[in-house]
Structures are given as C-alpha cells and as structure tokens.
Amino acid sequence: MENQTQNAFRALADPTRRDIVQMLALQDMTIAQLTDRFDMTRAAVKKHLTVLSDGGLIAVEARGRERINRLEPKGMAPVLDWLSYFDQFWDERLNSLKEAVERKSK
C-alpha cells in the first residue's frame, strides 16, 4: 500500500477525525470552531487536523490571522480505490451465487 493511502487510512482510523471530516464536509471551519464542538484542547484538535492534512483529507488556508480547514475530497481517492477492489470482489461472488441459485431453480 502506498504512503498516501496509508496516511489516509491512518487519518480515518480515529473516530474523532472521522467526525471532523464529516463536519468539514458541511462547512469550512477554523480550529476554534472545531474545538468548540469537542471536549478537548485546541492543541489536541490541532494534532487531529495535522494527521488529516498529512493524509491529504483536508487542506488549510490562511485568511488573515485565521487558518480555515476544509475538506479535500480528492484525498479520499486512495481510500476509495483500495475499497473498490472489494466492491468488485463481492460483485463477482454475488453474481456467481445468483447464477448458482438460478440454475438450481430451473
């Protein structure tokens, strides 16, 4: 598994980071706005944001003194590519099962 894929999965492994991703899917937010939504320090939220950024899942934009965090949808591509293998795997298995059931019912 390539490094970017590993970083994306590492970022998504934590439930807090998954919550942050969901929040940023709805709107861009500052660290302060995110900290208000969690029972943790600003430093802890910043660490989560760093892991998400390293995973390519968020981008940070400086606007004056604020740093705005936004979802980076392209960052999900390595995860989706990896998971798509299993979609194909199960599609093939389910099609084989369907064909077997149809043959037996004739």
Side-chain angles (χ1 to χ4, degrees):
M1 198 182 313
E2 70 180 58
N3 195 35
Q4 187 60 34
T5 304
Q6 288 177 347
N7 288 343
F9 272 104
R10 177 177 172 245
L12 293 171
D14 183 87
T16 299
R17 290 193 288 271
R18 290 192 303 269
D19 288 345
I20 291 171
V21 167
Q22 288 182 308
M23 288 177 196
L24 294 177
L26 299 174
Q27 70 180 48
D28 298 350
M29 300 176 85
T30 64
I31 294 173
Q33 289 170 317
L34 286 163
T35 301
D36 288 345
R37 307 235 176 143
F38 293 97
D39 186 24
M40 65 179 71
T41 65
R42 180 182 173 95
V45 171
K46 174 68 174 138
K47 285 181 184 179
H48 284 297
L49 292 171
T50 299
V51 173
L52 289 168
S53 180
D54 291 347
L57 301 175
I58 67 167
V60 183
E61 176 187 340
R63 291 187 198 154
R65 293 177 56 164
E66 290 187 319
R67 296 177 55 80
I68 308 299
N69 301 279
R70 65 176 168 76
L71 182 65
E72 187 59 60
K74 292 178 187 175
M76 290 289 188
V79 174
L80 295 174
D81 290 345
W82 190 84
L83 290 172
S84 71
Y85 166 80
F86 295 98
D87 280 342
Q88 180 181 353
F89 171 83
W90 284 111
D91 286 347
E92 290 172 7
R93 294 288 194 263
L94 291 173
N95 283 336
S96 295
L97 177 61
K98 178 183 174 199
E99 290 170 8
V101 168
E102 288 174 348
R103 278 194 303 271
K104 284 193 174 210
S105 66
K106 289 182 181 182

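The two residues Val79 and Ala8 have their closest heavy-atom pair at CG2-CB, 3.6 Å. Among all heavy-atom pairs drawn from Ala11 and Leu57, the shortest one is CB-CD1, 3.6 Å. Between Met76 and Val21, the closest heavy-atom pair is CE-CG1, 3.9 Å. Considering all non-hydrogen atoms of both residues, Arg37 and Met29 come closest at CZ-CE, 3.4 Å. Nearest heavy atoms, Asn69 versus Leu34: ND2-CD1, 4.3 Å.
Judged by distance alone, the side chain of Gln4 and the main-chain N or O of Gly55 form a donor-acceptor pair under 3.5 Å. The backbone N or O of Arg63 lies less than 3.5 Å from no partner atom in the side chain of Glu66, so there is not a single donor-acceptor pair. The closest donor-acceptor contact from the side chain of Arg18 to the backbone of Ala13 lies under 3.5 Å. Of the possible polar contacts, one joining the Ser84 side chain to the Asp81 backbone as a donor-acceptor pair under 3.5 Å is found.
Contacts of Lys47 classified as side-chain contact (heavy atoms from CB on, under 4.5 Å), with partners at least two apart in sequence or in another chain: none. Every residue two or more places apart in sequence or in another chain that forms a side-chain contact (heavy atoms from CB on, under 4.5 Å) with Thr16 is listed here: Asp14, Ile20, Phe38, Met40, His48.
No side-chain heavy atom of Arg70 sits less than 4.5 Å from a side-chain heavy atom of Leu24. Between Arg42 and Ile31, some side-chain heavy-atom pair lies under the 4.5 Å cut-off.
Under the 4.5 Å side-chain heavy-atom criterion for grouping Ile, Leu, Val, Met, Phe, Trp and Tyr, Leu71 is connected to Met23 within one hydrophobic cluster. Ile58 and Leu26 are assigned to two separate hydrophobic clusters, defined by single-linkage of ILVMFWY side chains at heavy-atom distances under 4.5 Å.
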Q.
Show, in sequence, the C-alpha distance, side-chain angles and deciding distance for Arg17 and Leu12, and conclude whether the side-chain contact (heavy atoms from CB on, under 4.5 Å) test is met.
A. CA-CA 6 Å; Arg17 290 193 288 271; Leu12 293 171; over 6 Å; no
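The hydrophobic cluster containing Leu97 also includes Val101, under a criterion of side-chain heavy atoms closer than 4.5 Å among ILVMFWY residues, counted directly or through chains of members.
Atom NZ of Lys98 and atom CZ of Arg103 lie 12.0 Å apart (nearest 0.5 Å). Between the CZ atom in Arg10 and the CG atom in Asn3 there is a gap of 10.5 Å [rounded to 0.5 Å].
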